[in-house]
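Input: a single structure, listed below in structure tokens.
In this text the structure is predicted, and so the values were computed from the model without any measurement. All chains are named by letter (A, B, ...) in the order of the sequence lines, taking the proteins before the strands, and each is independently numbered beginning at 1.
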Number of protein chains: 2
Amino acid sequence: MDTIKSYVQQHKDRFINELIELLKIPSVSADAAYSQDVIDMADAVKSSLEKAGCDFVEICDTPGYPIVYGEKIIDKNLPTVLVYGHYDVQPPDPMELWSSPPFEPVIKKTEIHPEGAIFARGACDDKGQMYMHVKAFEYMIQSNTLPCNVKFMIEGEEEVGSKSLSWFVERNQEKLKNDVILISDTGMISNQQPSITTGLRGLSYVEVEITGPNRDLHSGLYGGAVANPINVLAKMIASLHDDDNHITIPGFYDNVEELSLEERAEMAKAPFNLDGYKKALDLNAVYGEKGYVTNERNSIRPTLDVNGIWGGYTGEGAKTVIASKAFAKISMRLVPHQDWEEITKLFTKHFISIAPAGVTVKVKPHHGGQGYVTPTDSIGYKAANKAYTETFGVPAIPVRSGGSIPIVALFEKELKSKTILMGFGLDSDAIHSPNEHFGIFNYLKGIETIPLFYKYFVEMSK
Amino acid sequence: MDTIKSYVQQHKDRFINELIELLKIPSVSADAAYSQDVIDMADAVKSSLEKAGCDFVEICDTPGYPIVYGEKIIDKNLPTVLVYGHYDVQPPDPMELWSSPPFEPVIKKTEIHPEGAIFARGACDDKGQMYMHVKAFEYMIQSNTLPCNVKFMIEGEEEVGSKSLSWFVERNQEKLKNDVILISDTGMISNQQPSITTGLRGLSYVEVEITGPNRDLHSGLYGGAVANPINVLAKMIASLHDDDNHITIPGFYDNVEELSLEERAEMAKAPFNLDGYKKALDLNAVYGEKGYVTNERNSIRPTLDVNGIWGGYTGEGAKTVIASKAFAKISMRLVPHQDWEEITKLFTKHFISIAPAGVTVKVKPHHGGQGYVTPTDSIGYKAANKAYTETFGVPAIPVRSGGSIPIVALFEKELKSKTILMGFGLDSDAIHSPNEHFGIFNYLKGIETIPLFYKYFVEMSK
């Protein structure tokens with residue numbers, strides 16, 4: 001398959017420019033202000049699938065943002081690969097920390113990306129990684145080497161919980177029928193060491209509101225005499241972890257999958273440099289649950305983090321006020337066997353129960369999803385590993401990711417097929433952060449590797 | 001002095017309209033965006049003093065906003081009253097909670113103010129109460145009944161710590177020489193029960209910044225493995241109070257003035273209805289330091305309140321991010337004998353000391369001031385009480401206020417004279433809150449009462 005290498009070399013400028021055009025569309029699903037851009041992005045994905053060679057492409061309406069479906073069926077008796085990706089992106093703020101505007105993509109060289117990286121919101125998560133599949137598909141069509149059927153399902157609500165996707169999947173099981181699901185929405189260890197994500201954490205995301213007095217009060221006249229919603233919220237949040245950083249919600253750990261010492265020893269083999277990790281984040285120390293190391297804390301253990309907090313006067317200078325209300329957005333990362341809806345219930349019950357007299361509490365669930373573990377002995381996993389081995393020269397290492405792709409568990413349940421997570425991004429790509437970027441090397445390497453997965457998956461399926 | 005009553009009746013519409021014009025100027029000292037308005041407000045105060053009858057008025061430059069000084073010296077051998085007030089106001093936000101725009105004054109009747117109240121930011125604190133003195137002075141000039149010398153010192157930085165005022169007072173002790181300082185920047189118990197504030201709390205106001213990782217991080221990939229600045233801030237804030245709501249900062253209570261049981265019993269005589277208090281704030285319970293009742297918690301006891309907190313994603317929807325930084329504005333109300341600079345040092349030292357490894361902490365002092373207690377046996381206090389007794393028909397009750405007027409202690413130190421706090425506002429006037437207002441009754445009653453203070457103060461001083 002040397003021809004894929006040469007095809008990429010020949011067309012790489014076009015591949016980059018096409019991605020840059022997609023990155024200019026601010027398809028932020030979390031903020032209604034961008035809703036037209038999200039719709040425009042769906043149209044752009046549709047035409048890219050048509051150009052690449054799909055026989056049939058449609059924009060499927062849902063209760064939320066549309067899902068772009070495309071397919072190329074060459075022979076009903078051959079296997080079918082279902083490619084999933086998402087065209088929506090995270091909100092760009094804090095804007096002031098971007099060195100270039102989030103929706104005006106620029107290519108810059110970095111230490112890790114000497115060949116350059118594309119800087120823009122969504123460059124890696126997930127427009128860049130999604131578009132690798134479109135371009136790999138284009139190659140297989142152009143070179144007449146597509147060995148099986150392909151279906152594309154590209155959604156627009158991944159960053160806000162994929163509500164409409166589950167609605168869509170439940171209603172289109174026949175249409176989405178497949179032998180393996182292929183997703184590039186994760187990372188790999190490094191550009192020298194590919195890895196395949198075999199585990200994902202689940203997620204429960206809630207927003208809490210604490211109300212004290214019915215209006216903002218003068219802190220001099222009322223300070224010390226009424227419950228201050230901000231102080232109360234701080235106390236309630238603080239109480240959610242004990243001194244060992246275990247989460248204190250009753251029943252929270254009941255179904256947590258406990259790994260054996262052997263499994264933990266196996267995980268510990270993955271290359272990891274704690275000093276480098278701390279240095280990259282300018283941290284003097286790491287932090288987390290007692291009894292576990294960094295690579296376990298962010299993968300096999302559930303966590304609780306406040307993602308946003310606000311209340312009272314946050315402007316310039318000083319205002320001596322006791323706010324009537326305080327708010328926080330809180331997310332819990334869950335591990336396999338923890339049910340996200342159950343955890344959301346446990347959180348809600350507990351959080352309301354710890355509120356002191358003098359305040360009222362509201363808990364609003366945002367969204368969630370189940371954790372997932374994929375076996376390493378499946379044909380799909382083996383085909384992916386063989387593809388990486390060929391393009392990177394070394395086998396991929398199986399790793400548990402701390403991230404969540406809630407719909408992976410849904411796919412298994414509704415479509416009865418396994419998902420292979422072929423990620424080409426790096427942790428340093430700053431997804432969900434200012435200055436998100438995606439290496440040109442990674443982008444092109446992905447386009448090179450994906451056709452090999454098709455080849456080996458079909459061969460091994462015979 | 002019936003003529004003051006008739007003078008007020010004759011001119012009240014003009015008095016109200018003149019105040020409304022002043023309230024239209026958004027002189028918010030905390031926000032640089034309003035700086036020109038603050039300057040304009042100083043000019044408006046200057047011309048109001050000239051019109052009222054001052055011989056000499058000047059706008060005195062300072063390192064910050066100017067101080068308006070005016071005087072009427074009738075006889076060097078007569079006593080001199082120094083009137084202090086401030087022309088700056090609190091920021092108006094949260095704007096959305098105002099039933100009418102904060103700088104477009106409207107008169108509305110309320111249950112407590114059947115004769116109507118002026119709704120606008122600064123209506124009570126302190127433009128309305130400051131302007132009562134200008135109009136009372138106008139009356140004494142017009143009726144040729146001014147019994148002594150008067151000096152006005154109206155500043156523009158009271159809401160942000162009066163930094164320039166202390167600078168000004170230290171440099172103008174001769175110019176500001178006086179026998180008593182008169183301030184209306186406090187409240188009274190009710191329109192039927194006047195009171196004189198005899199104690200004020202001190203203040204220390206700081207802003208804290210917690211920095212974790214050098215950039216916002218994906219909560220899935222890093223959650224549980226690095227210190228989350230928001231969770232850490234919550235834990236640190238929570239730890240500043242123990243389970244009895246005592247403040248845990250070492251040394252914080254060392255110099256706190258402890259009142260005798262007799263004094264506390266005397267305080268308890270002030271009319272107070274706990275159910276009414278809770279009902280007015282829609283609270284199911286009050287909250288505070290164990291061992292003290294509400295009226296003690298907000299007056300004779302020091303407190304610590306978070307006035308504002310922010311960090312991470314606070315927009316619409318969900319963002320799974322670990323913020324790089326989290327911030328809070330924290331103020332401590334202090335009681336007599338607690339030195340605000342000492343307390344600020346203790347807070348800073350303690351707050352930095354409780355930070356866990358994995359974050360860095362910055363504490364930025366905003367401003368502060370000393371607490372103050374005024375004796376009830378001074379000529380000034382007696383004259384004020386006599387004036388209230390005459391206009392309200394009942395003697396005033398001495399009360400300790402939870403609020404702070406940092407410069408009162410400064411005046412005693414630099415000018416060696418006592419301050420009399422003749423407040424005409426009510427707690428329900430919502431100062432520092434949306435829908436701040438000032439009763440027409442209170443405004444006119446103040447104009448009526450103030451000339452009587454002059455009369456009795458001069459008589460008793462003979």
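For a residue to count as touching a neighbouring chain, one of its non-hydrogen atoms must lie under 4.5 Å from one of that chain's; by this rule A:R215 touches chain B with the side chain only. There is no contact between B:A323 and chain A, counting heavy-atom distances below 4.5 Å. For B:S433, the parts sitting under 4.5 Å from any heavy atom of chain A are the backbone and the side chain alike. Contacts of A:Y277 with chain B are made by side-chain atoms alone, with heavy-atom separations under 4.5 Å and no backbone atom involved. Looking at A:P229, there are no atoms closer than 4.5 Å to chain B (heavy atoms on both sides), in backbone or side chain. Proximity to chain A is absent for every atom of B:A326, based on heavy atoms less than 4.5 angstrom apart. With a 4.5 angstrom heavy-atom cutoff, A:S401 touches chain B only via side-chain atoms. Proximity to chain A involves both the backbone and the side chain of B:Y313, based on heavy atoms less than 4.5 angstrom apart. With a 4.5 Å cut-off on non-hydrogen atoms, B:Q90 touches chain A through its side chain but not through its backbone. Contact annotation for B:H367: only side-chain heavy atoms (C-beta onward) come within less than 4.5 Å of a heavy atom of chain A. The contact between A:L203 and chain B is made entirely by side chain atoms (from C-beta outward), counting heavy-atom distances below 4.5 Å. In this structure, the portion of A:S331 lying under 4.5 Å from any heavy atom of chain B is its side chain and not its backbone. If you measure heavy-atom distances from B:R301 to chain A, you find no contacts under 4.5 Å at all. Looking at A:K319, both its backbone and its side chain come within 4.5 Å of chain B, counting heavy atoms on both sides. A:A32 touches chain B through backbone and side chain together, each having a heavy atom under 4.5 Å away. Interface remark: A:L283 contributes side-chain atoms only to the contact with chain B (heavy atom separation under 4.5 Å). Only the side chain of A:P434 comes within less than 4.5 Å of a heavy atom of chain B; its backbone N, CA, C and O stay farther away.
Although no hydrogens or angles enter the test, the distance criterion places no donor-acceptor pair under 3.5 Å between the side chain of A:K278 and the main chain of B:G358. Checking side-chain atoms of B:K329 against main-chain N and O of A:G317 turns up a donor-acceptor pair under 3.5 Å. Side-chain atoms of B:N228 come within 3.5 Å of backbone atoms of A:V306 as a donor-acceptor pair (strictly under, hydrogens ignored). Of the possible polar contacts, one joining the A:N307 side chain to the B:V321 backbone as a donor-acceptor pair under 3.5 Å is found. In this structure, the side chain of B:R333 does not engage the main chain of A:G223 through any donor-acceptor pair within 3.5 Å.
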Take A:T320 and B:Y205 through the test side chain to side chain contact (heavy atoms under 4.5 Å, CB included) and record every step on the way to the result. CA-CA 8 Å; A:T320 50; B:Y205 198 113; 3.7 Å; yes
Would B:N231 and A:L304 count as a side chain to side chain contact (heavy atoms under 4.5 Å, CB included) here? Give the steps. CA-CA 9 Å; B:N231 289 75; A:L304 184 151; 4.2 Å; yes
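Checking B:T294, B:N298, B:L281, B:D305 one by one against A:Y222, the side-chain contact (heavy atoms from CB on, under 4.5 Å) holds for a single residue, B:L281.
The minimum heavy-atom distance between A:A357 and B:Y287, with the atom names listed, is O-CD1, 3.8 Å. The two residues A:H218 and B:I431 make their nearest non-hydrogen contact at CD2-CD1, 3.6 Å.
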